[in-house]
Protein chains: 2
Amino acid sequence: MATIQDVARSAGVSTATVSRVLSAPGRVAEATRARVLAAVDSLGYSPNVAAKMLRTLRTQKILVTVPDISNPFFSQVIRGVEEAASAAGYSVLLGDTRHEPEREDQYAAMLRRKEADGLIFLGHRLSDTLAEMAAALGPGAPIVNGCEYSPALGVSSAHIDNEKAATEAMAHLYALGHRRVGVVTGPLASPLSRDRLAGVRAAARTAGAVEGLAVATGDFSVEAGAALARDLLSTAAPPSALFCFSDEMAMGALAALRGLGLACPRDVSLVGFDDIRFAAYLDPPLTTVSQPMAEIGHETVRLLLEVLSGEAGAARHVTLPHRLVIRASTAAPVA
Amino acid sequence: MATIQDVARSAGVSTATVSRVLSAPGRVAEATRARVLAAVDSLGYSPNVAAKMLRTLRTQKILVTVPDISNPFFSQVIRGVEEAASAAGYSVLLGDTRHEPEREDQYAAMLRRKEADGLIFLGHRLSDTLAEMAAALGPGAPIVNGCEYSPALGVSSAHIDNEKAATEAMAHLYALGHRRVGVVTGPLASPLSRDRLAGVRAAARTAGAVEGLAVATGDFSVEAGAALARDLLSTAAPPSALFCFSDEMAMGALAALRGLGLACPRDVSLVGFDDIRFAAYLDPPLTTVSQPMAEIGHETVRLLLEVLSGEAGAARHVTLPHRLVIRASTAAPVA
DNA sequence: CTCGTCGATGTAATCGATTGCATGGGTAGC
DNA sequence: GCTACCCATGCAATCGATTACATCGACGAG
């Protein structure tokens with residue numbers, strides 16, 4: 001690998017000049033610049049990142065942690081993150097925390113050691129040490145939350161209006177005439193689930209159907225969706241519609257329905273959440289709340305770059321638009 | 001951030017000793033070591049990676065490129081990669097190439113600039129510049145192929161026996177009594193698809209059903225699965241069974257079937273490939289070839305570490321076990 | 001003609017680690 | 001008691017960039 005010294009020698013200038021050509025082109029004379037650039041590409045020179053990093057304390061890397069990369073929802077958000085990051089000249093360090101605190105801490109340590117310029121965390125869990133860091137640095141902390149929104153942390157975030165989205169989904173069911181609705185949530189430790197649940201309750205109140213509401217707490221997995229749907233449908237007065245907080249759980253619910261000999265939407269209507277790319281291909285095609293996953297990814301990067309550029313004022317919470325996509329899994333209940 | 005100097009001062013030793021305590025603990029006296037370690041954690045010291053990297057030319061990072069991170073198959077492999085890498089003290093740089101050559105080149109450049117110690121690429125495409133590098137360095141090139149296997153490249157790889165797996169899937173259909181089988185492949189530029197296709201042909205010959213074979217070339221997407229299944233089923237003598245080279249395409253095929261008013265498996269049997277975690281939850285649950293995705297990820301890391309440790313002999317091609325999982329989407333054809 | 005200014009470039013310190021070589025004290029062998 | 005060796009440790013060069021400061025020449029003003 002050619003070093004800056006080689007380039008300097010070959011162009012007959014000092015390393016300082018080479019460095020300037022590459023980072024502050026205006027400060028060097030036209031002729032010299034041309035000579036240096038010629039040397040640069042005749043030698044195929046490109047700066048050693050470690051040396052640059054050591055000197056500048058900038059890594060040009062963004063750490064992204066996610067509770068489960070194999071979850072299609074998250075992987076689509078990550079795709080958006082990667083796209084925006086690489087467009088801005090950053091690369092992405094991936095951390096799959098598997099919901100394990102030790103792994104969260106491990107990645108938190110990477111940020112503290114400044115192995116990355118910033119952190120985007122998807123989900124609601126942030127390692128304690130980073131929570132302290134965020135509290136200490138305020139909005140200057142290079143940490144952004146994606147998909148979720150935790151006011152207590154004081155970091156910027158990008159997400160949809162979960163409460164409103166859930167309200168709309170429920171309103172759709174009530175408008176079709178459903179009165180008894182079963183809801184399968186995500187873990188209630190997550191603000192996102194609580195927001196959606198609040199939306200659910202609000203809709204039920206508006207519809208005067210609070211009595212008919214049955215809530216089960218899931219964890220976003222297919223398995224949980226199947227198990228909890230089975231429970232909800234096995235009660236004395238089973239719901240005529242189910243609302244699952246993820247499409248993955250809705251897939252599980254769909255399988256459970258069939259297992260019980262029920263048809264969707266004839267016997268039970270079903271609404272999912274996320275609009276992962278399989279939702280439209282299920283049988284029946286799933287009515288669901290569509291989230292702009294790529295956009296959420298892009299936006300988290302934008303917010304992080306804002307902090308990194310030092311222009312950050314207060315933490316910002318960006319709400320991106322969602323959309324209730326009505327497909328064939330919802331219908332009026334049979335009287 | 002505390003530096004090694006701070007630790008040295010605080011422990012009353014030289015930086016050389018501190019460095020040795022941390023990397024070659026045997027070479028320093030017990031008492032000194034204890035003193036240094038005490039200083040290390042009283043100061044909360046951890047080595048600056050940039051400095052270490054500059055000095056040692058090792059980054060402790062693995063670059064992983066993938067054609068589409070939002071594909072559940074790949075994201076599960078990546079999960080395995082991340083797990084094994086982090087267990088070995090490496091972090092993962094993620095590159096989503098989106099099948100675009102420019103992005104492949106961009107990440108190839110990262111490797112050449114030594115921003116990562118090695119590359120694991122999933123899929124069959126390797127940037128030309130890296131292919132040259134692999135050719136030049138032979139098995140010493142820190143490049144490993146996951147999921148696929150390209151003999152021409154001369155790099156190690158981890159994958160299943162695609163030909164055999166495809167043969168088994170087809171044999172299953174023939175054993176059930178199917179004679180006309182439609183196959184939806186992946187892009188034939190990929191050796192993996194060609195291997196599977198070879199397996200398909202071999203099975204057809206064995207069953208004496210070459211005549212009944214109809215092949216369509218897809219691209220692993222749901223959309224392609226739906227479109228091509230529709231085509232295959234709309235011919236004069238439509239197949240009684242379909243074999244798709246990905247579960248995602250099988251999902252599309254399933255939707256297409258329904259669109260044509262056909263039932264699975266009554267009218268058409270269906271076999272997928274991969275066994276992504278939704279396969280069991282489809283209606284009907286999908287018969288498919290299960291790939292050990294996490295294992296593939298682990299194995300690629302193992303192979304790469306082998307190269308990095310310098311003990312690599314020839315390139316190794318590790319074949320991991322697959323398994324045909326028979327669920328409800330396949331049955332004997334109605335006479 | 002001289003001085004001040006400015007633009008272009010060079011000099012060298014610096015970032016924080018690793019590591020080959022030097023050093024010095026202790027011990028074993030004779 | 002002297003030599004030889006070894007073990008633990010320190011000294012200082014080094015990795016490859018960035019950048020504050022110094023230098024130098026040209027040019028315009030007075």
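Quick caveat: nothing in here was measured; it's all calculated off a predicted structure. Heavy atoms only: backbone and side chains are in, while hydrogens, waters and symmetry mates are out. A note on names: the letters A, B, ... follow the listed sequences, proteins ahead of strands, and every chain is numbered from 1.
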Nearest-Å distance, [atom1] ([X]) to [atom2] ([N])?
| X | N | atom1 | atom2 | result |
| --- | --- | --- | --- | --- |
| A/M53 | C/dT14 | CE | C1' | 17 Å |
| B/Q5 | D/dA12 | CD | P | 14 Å |
| A/R27 | C/dG10 | CZ | C1' | 13 Å |
| B/L43 | C/dG16 | CG | C1' | 15 Å |
| B/R35 | D/dA8 | CZ | C1' | 12 Å |
| B/R58 | D/dC15 | CZ | C1' | 16 Å |
| B/L57 | D/dG16 | CG | P | 7 Å |
| B/R9 | C/dG16 | CZ | C1' | 13 Å |

How would you label the contact of [X] with the nucleic acid (heavy atoms, under 4.0 Å): base, sugar-phosphate, or nothing?
| X | value |
| --- | --- |
| B/S23 | nothing |
| B/A29 | sugar-phosphate |
| A/G26 | nothing |
| B/V13 | sugar-phosphate |

For [N], take OP1 and OP2 only and decide whether either is under 4.0 Å from a side-chain N or O of [X].
| X | N | answer |
| --- | --- | --- |
| A/K52 | D/dG16 | no |
| A/S14 | C/dG10 | yes |
| B/T17 | D/dG10 | yes |
| B/S19 | C/dT19 | no |

Any donor-acceptor N/O pair under 3.5 Å between C/dG16 base and A/R55 side chain: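 Looking at the base of C/dG16, it does not pair with any donor or acceptor on the side chain of A/R55 (distance under 3.5 Å).
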
Exercise: do A/R277 and B/S70 side chains pair donor with acceptor under 3.5 Å: yes

Short side-chain donor-acceptor distance under 3.5 Å, A/T129 and A/R112: yes

Residue pair A/V64 / A/I78, side-chain heavy-atom distance below 4.5 Å: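 Of all side-chain heavy-atom pairs linking A/I78 with A/V64, at least one is under 4.5 Å.
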
Along DNA chain D (nearest heavy atom to each residue), the more 5'-positioned of B/R33 and A/Y45: B/R33

Heavy-atom donor-acceptor pair, A/T56 side chain to A/K52 backbone, under 3.5 Å: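 Looks like yes, one N/O pair under 3.5 Å.
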
More than 12 heavy atoms from other groups under 6.0 Å of CZ on B/R27: no

B/R35 atom CZ, neighbour heavy-atom count above 12 within 6.0 Å: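 Counting neighbours around CZ of B/R35, more than 12 heavy atoms of other residues, nucleotides or ligands fall under 6.0 Å, so yes.
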
Closest to side chain of [X], choosing from [options]:
| X | options | answer |
| --- | --- | --- |
| A/T15 | D/dT18, D/dA20, C/dG16 | D/dT18 |
| B/I4 | C/dA17, C/dT9, D/dT19 | C/dA17 |
| B/R20 | D/dT18, C/dT19, C/dG10 | C/dT19 |
| A/L54 | D/dG10, C/dA12, D/dG16 | D/dG16 |

